[in-house]
Amino acid sequence: MTGNEAIAEGAIQAGCTFYAGYPITPQNELTAYMANHMQKSGGVFIQAEAELAAINMVFGAAAAGARAMTSSSSPGISLKQEGISYIAGAELPAVIANVMRGGPGLGNIAPAQSDYFQATRSGGHGDYHCLVLAPASVQESYDLTCLAFTLADKYRSPAIILSDGLLGQMMEPLLVRKEGKIELPAKPWALTGCTGRQANVVKSFYLKEGDLEKLNLKLQKKYKEIQQKEQRWEEFFLTDAKVALVAYGTMARIARSAVKVLREKGKKVGLLRPLTLWPFPKKAFTMPKKKYLVIEMSYGQMLEDVQLALCGKAGVEFLGRSGGGIPSEQEIIVKVNKIYHGKNI
Amino acid sequence: MPRITINKDKCKGCLLCVGVCPQGLIVADKELNARGAKPAKFKLDGKCLGCCLCAMICPDCCIEVYK
Amino acid sequence: MEKIYSHPRSLRDLSTHYCPGCGHGLAHRLIAEVVDELGIRERVIAIAPVGCAVIAYDYWDFDCSEAAHGRALAVATGIKRVRPQNIVFTYQGDGDLAAIGTTETIHAANRGENVTVFFINNAVYGMTGGQMAPTTLLNQKTSTTPEGRNAQFQGYPLKISEMLALLPGVKYVERVALDSPQDIIKAKKAIKKALVNQMEGVGFSLVEMLSPCPTYWGLSPKASLDWIKNTMVKEFPLGVIK
């Protein structure tokens, strides 16, 4: 199964009953999979007239209490930013998959990681955040999508699956968990017709003085809680590492193989792989290593989060290529050797 | 004898009802209401038919009709 | 002595923020009256637009959402598809439906979504200060057409209802006016038909209401009604379009 299809299967398995998509490479397999399977599992599939309409359809379906999702790739995700801001403002749970490709502009369809800022810094207007999960395998594309729906409902917030063109097209075996019907959380706030209750309103408009501020304070409290509880990362040969590589998604796969090669040559190198890009796993940096090497398919976006997490307590180097270019294992090895033989190791 | 009541302070003084009353029983009140508008006022002396035209044209549901 | 006309249950007994003589108040009340008469208050889900009626959910006493500007019909699609048993309607102004939201409107209509659309055409953008709307008449002065709309630069009043009527997915389109009690009675019938269509699964139904905006037409409430009767209906003829 491809990474794209694994995201779709994960969503259906998580009880997603509404998907709206729009054609864009490299995520078309996800939309096609939904077209084939959503109806069969009792859900709704719509090919919208534009990514912008798709995210607003997701707004509606989520407002009506359904687990709802859309997916696209970088340029399409830019079109969805206003809608995502509304979803955050109306405190609606929704999942948005971004199978990243080279940018800016039309870019091309090669994989990239240059939408990191857009995803983690809230690409739309207003002070809000989306949960951002970064799979690095087909299995994780499936697992993290299920997790995304759980967290989105738990915190009534949008959650982004940040994959990329390579992960999306890649095929790997997938262990599908058939746990049967997922027990969905109750949503008393949803729009279901006001039988036996006061009328519900799902909105993000607060005109009266102080009301919007109250909403924002509520959101900030939620984000603090998320930052405390939901940081997730994976460590690989990190305990005794002198140089720690930091990479996520496809980049982490390449970095991992570089670590193996370097370890064989006796170099004390490890890998720290964030699973949640927001909340960024600051806790993983509390006992800083000597040196960090951040590797991205961009020109240094997660780099800034690593620097923030370390606050100068450790040296941070960077290796990055984008626009379709991918740092190779060899380039990583050369860079690490240079750092390794640097002055203070 | 049919009659209407006008919610004096809710009325915004658009006076659309004045124009539609077939019996000409509604006029603009001289006194200002709480909103500072000249609300519509029902003249009790006339023959109200209870036709509800005034209530239908009122954008703010200020008029109730009794028959 | 029995009370024969009063305030509909589905409309909260509040004073609205609308200007004196504004058509929104009428449209809100008519919709609330029909919702009461059809007994569907507990099944209705409304979608308010961005525009003067953005806080319509404060006035209607049933479930309501509020969509980004122009996206009401996409939101409605999402809601209706996951909750077909509910009665979903959007309440949109001319800018919301026929300017920024044209794509969502045309495609929801073309998909034949089984939703109801209440389209308030007052030929201006009210909330933001009376700018030109897609339905602004030629030579009509607005804050963005100070010398009056000129076809050479601003094109022509957009007949979105007639356009939508061409689509097979669209089952019912009627244009009414909120300019006199008689026309209001017709408007109420059209609203009822549009909602009954949805209840019976007929499909996409739209009622366009020519609505007075005294403030930005620069006319008295009474003169606004006359302007609709004498001028606006020439450009936007009333009646069942489909």
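Keep in mind that what you see is a predicted model, and the values were worked out from it rather than measured. Residue numbers start from 1 in every chain, and the chains themselves are labelled A, B, ... in the order their sequence lines are given, proteins ahead of strands.
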query: With only heavy atoms counted, which part of C:Ile184 is less than 4.5 Å from chain B, the side chain, the backbone, both or neither?
result: side chain
- request: Check each atom of C:Ser224 against the heavy atoms of chain B and say whether the ones under 4.5 Å are side chain, backbone, both or neither.
  value: neither
- prompt: Should we count NZ of B:Lys38 as having more than 12 external heavy atoms under 6.0 Å?
  reply: no
Whether over 12 other heavy atoms sit under 6.0 Å from C:Lys159 NZ: yes
Mind listing the closest non-hydrogen atom pair of [X] and [Y] along with its distance?
X       : Y        : answer
B:Met56 : C:Ile185 : SD-CG1, 3.6 Å
C:Pro20 : B:Cys14  : C-CB, 3.7 Å
C:Cys22 : B:Pro59  : O-CB, 3.5 Å
C:Ser15 : B:Arg35  : OG-NH1, 2.8 Å
B:Lys12 : C:Tyr18  : NZ-O, 2.6 Å
C:Pro8  : B:Cys61  : CD-SG, 4.4 Å

task: Could you tell me whether a side-chain N or O of C:Lys222 sits under 3.5 Å from a main-chain N or O of B:Val18, the two making a donor and an acceptor?
output: no
statement: One option among C:Glu2, C:Gln182, C:His7 has the most heavy-atom pairs under 4.5 Å with chain B, and it is C:Glu2
- prompt: What residue in C:Leu11, C:Asp183, C:Asp13, C:Asp179 has the most heavy-atom pairs under 4.5 Å with chain B?
  reply: C:Asp13
message: Out of B:Cys11, B:Ala55, B:Pro2, B:Cys62, return the one with the most heavy atom pairs under 4.5 angstrom to chain C.
response: B:Ala55
message: Return the OG to CG distance between C:Ser180 and B:Leu16, rounded to the nearest 0.5 Å.
response: 11.0 Å
message: Counting only non-hydrogen atoms closer than 4.5 Å, does B:Ile57 touch chain C with its backbone (N, CA, C, O), its side chain (CB onward), both, or neither?
response: both
message: With a strict 4.5 Å heavy-atom criterion, list every residue of residues 23-48 of chain C that contacts chain B, or say none.
response: C:Gly25, C:Leu26, C:Arg29
